[in-house]
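The structure appears below as structure tokens.
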2 protein chains.
Amino acid sequence: MTTIKEVSELAGVSLATVSRVMNGSDQVTQRTKDKVKKAMETLGYRPNTMAQSLASGKSNSIGMMISELHGPFYGPLMSGAEKVIRQANKQFLVVASHGDENSEKKAIDYLLGCKCDGLILHSETLSDEELIKISESGIEIVLINRYVKGLEDKCMSIDNVKGSKISTEWLIENGHTKIACILGPQWKHDARERFWGYQHALTDARIPLDPTLLVSGDFQESGGREGVKQLLDAKKEFTAILCGNDETAFGAIEELTNRGIKVPEDISVIGFDDVQFSRMISPKLTTIRYPIYDVGLEASAEILAKVYQIKNAIPDGEKVHGIFEPQLISRESVKNIKS
Amino acid sequence: MTTIKEVSELAGVSLATVSRVMNGSDQVTQRTKDKVKKAMETLGYRPNTMAQSLASGKSNSIGMMISELHGPFYGPLMSGAEKVIRQANKQFLVVASHGDENSEKKAIDYLLGCKCDGLILHSETLSDEELIKISESGIEIVLINRYVKGLEDKCMSIDNVKGSKISTEWLIENGHTKIACILGPQWKHDARERFWGYQHALTDARIPLDPTLLVSGDFQESGGREGVKQLLDAKKEFTAILCGNDETAFGAIEELTNRGIKVPEDISVIGFDDVQFSRMISPKLTTIRYPIYDVGLEASAEILAKVYQIKNAIPDGEKVHGIFEPQLISRESVKNIKS
DNA sequence: AAATTAAATGAAAGCGCTTACTTTTAGTTT
DNA sequence: AAACTAAAAGTAAGCGCTTTCATTTAATTT
């Protein structure tokens, strides 16, 4: 493997000079620069990033932790983040935490061990205190999908409460009052917040909350299917189902359809997130748009600004700048049943 | 930041001993081990992976290059790979090449600069020669979706030719003879291979290839839509469309439906890949299953074996072991038109 | 108890780079 | 042309760890 030493020897200069050329210092004559560059070229030299990091004390990398690497939600989130970071010529490190608390801790530990200059965290299990502790340990962080008191300027998320309030209201506007709800796991922050939104909307409309219309899901297709089964088997009466997210909604629609119940003619269904397949399924899903790709973009831009003072990291035309307002996307899965 | 030095001082041992404890050497008394571990604990010590790599000459990391980080195809591929690698306690580094040749080179350069111990490459633009050169430079690689002469044992892919041959044959079996084809970009290896499969099947069935039934796509939804437009506007006669992949198929179905043409009653459509949404759309897509998650799993296992001699990296029950046979998944988008 | 041997620990030399500090070189000024 | 100054290049000390080799310690043998 070629090292800086060999380059310096070929070019007939010192190590320091080669290093300067690499780092674009202006303390070097053009003539010397050329010599060094030519030497690097002919040797096929490639700096060892480990050594660079060790020596300079910065790793030029941003770490990201998310639950899963794939899927219609995490995929775009990660992809957006990566795009901006690579564009800024920094390294991008992702780890999947797979959702449980211990793994999340390990994942963050790993990222810290890599001496990332900054962290983008999508934490589902860590407590506010733990997050504050990490932040206080000196590393810059950006939190996705959390709102932690004391770290307000590091949080980046849409308003889940508002989102599901909007969707519940939409259902109500369309004449629904018996609205079932297939929730996400209640130990997840966003699931809880989405439940609150539902409650708020109900309260505002003076519709009493019927606990028997609530079933817990898992944010997945299977949860949607199971939820419908429970609801139907218990012979509950309802005209609409508010789902914790789009996957759940899809599962619900599937199960309803299988049982010969038509969506939205017999029962309306509304989702949350607006992931890729939402507009592909039949009926096209009415849902709340969560601009997840943009969140990835912005989170990266934020951390780049904080850590490296890089401004304008986001390409023009893609910037949303902080306005992650949940937005209703009305498609085909909700029927107006007002007489 | 706590370093090994501080730990050694607190524990009252030498640096070397601390290092030994970290690396699980059996050359240390249990008593000393305990002392050191306690010291690490109280200091909250976390080894610097950069320093470890630099000193040991191995980075304990596997790099992966793919075109995109998200999407129904790359998502599972990456996720599968990550799972196995993290399980083996190695680091996982992904970079997106975004498909063009220059970026692919840069991406690989980056990975090499990180001194990855091994590379998983999904290269679309690099020539066989370039790949061979990389391999010869000494780093272990596994190639996904390529078959390179001279690197046979490093290639991991399904048989695209066979896959589209099977799907074309399925169409023929169902009575179709006028089969249009919306291809993928022909500079991509897999797109070319899928085209060959189509040709083979036609030849075998003694159906002449009608070049006016061929339209080039982009492996995306838009390509499917455009393809159908072209085909229809040119007033071609056909009863089925073979699509380069599922995204294309979805676009095609969308456009057909928009124009009042029913799938599969009027025209049959077949896809390739069997990505997540294929079974979610309506009609459910008949397609060729590409076990992409498994490919990710196996690719990682392969590289772990090569680089670290780790066997059995794949959890039981998930192992497919090399049999990436394309498989027809018959759903609803193909109609039997045999009178 | 002395001698022998094996196990445990320590000392120190790097890994490939950056960077503060020093020296050399070349350009200005008088 | 001597003296001064600023720019360019070089020297060397780390960054935090691993690892070889030397040393100490403890266990075993005679």
Atom pair distance, as rounded to whole Å: CE in A:Met40 and C1' in C:dG16: 15 Å

Phosphate OP1/OP2 of C:dT9 contacted by B:Thr32 side-chain N/O (<4.0 Å): yes

A:Lys33 NZ to D:dA9 C1', straight-line distance once rounded to whole Å: 14 Å

Results of side chain to side chain donor-acceptor pair (under 3.5 Å) for B:Ser79 - residues two or more places apart only: A:His70

Heavy-atom check, side chain of A:Glu6 versus side chain of A:Thr3, under 4.5 Å: yes

Partner set under side chain to side chain contact (heavy atoms under 4.5 Å, CB included) for B:Leu54, not counting sequence neighbours: A:Asn48, A:Ala51, A:Leu54

Close approaches to DNA chain D from residues 11-22 of chain B, in residue order (heavy atom, under 4.0 Å): B:Ala16, B:Ser19, B:Arg20, B:Met22

Pairwise ring pair (Phe, Tyr, Trp, His ring centres under 6.0 Å) hits with a residue in residues 84-130 of chain B, at least two apart: B:Tyr74-B:His122

Residues A:Lys5 and A:Glu9 bridged, charged N to O under 4.0 Å: yes

Length of the CD1-P vector between B:Ile4 and D:dT19, whole Å: 11 Å

pair B:Ile85-B:Ile120: side-chain heavy atoms closer than 4.5 Å: yes

Set of side chain to side chain donor-acceptor pair (under 3.5 Å) partners for B:Asn60, sequence neighbours left out: B:Lys90

Test side chain to side chain contact (heavy atoms under 4.5 Å, CB included) applied to B:Gln309 - qualifying residues, sequence neighbours left out: none

For atom CD of A:Glu6 and atom P of C:dG16, their distance in whole Å: 9 Å

Closest contact, heavy atoms only, A:Ala96 versus A:Ser67: CB-O, 3.6 Å

Dump the pairs, protein N or O against N or O of nucleotides 5-7 of chain C, anything under 3.5 Å, distances to one decimal.
none

Heavy-atom side-chain contact between B:Arg46 and A:Asp109 under 4.5 Å: yes

Test item: A:Asp100 and A:Thr125 side chains (from C-beta on) under 4.5 Å apart, heavy atoms: no

Under-3.5 Å N/O pairs linking protein and nucleotides 22-26 of chain D:
none

A:Ser25: partners by side chain to side chain contact (heavy atoms under 4.5 Å, CB included), with sequence neighbours left out: A:Arg20, A:Gln27

A:Ser53 and A:Lys58, any side-chain heavy atoms less than 4.5 Å apart: no

pair A:Phe324-A:Met156: side-chain heavy atoms closer than 4.5 Å: yes

Check: B:Met22 and B:Pro47 side chains under 4.5 Å, non-hydrogen atoms: yes

Rounded distance (Å) that lies between atom P of C:dT9 and atom CD of B:Gln30: 11 Å

Atom-pair distance (CG on A:Asn23; C1' on C:dC17), nearest Å: 9 Å

Contact list for DNA chain D against residues 43-61 of chain A - heavy-atom distance below 4.0 Å: A:Leu54, A:Ala55

Rounded to 10 degrees, the angle between the two terminal axes of the helix from C:dA1-D:dT30 to C:dT30-D:dA1, each from five pairs: 40°

Results of side chain to side chain contact (heavy atoms under 4.5 Å, CB included) for B:Leu126 - residues two or more places apart only: B:Glu101, B:Glu104, B:Lys105, B:Ile108, B:Ser123, B:Glu130, B:Leu131, B:Ile134

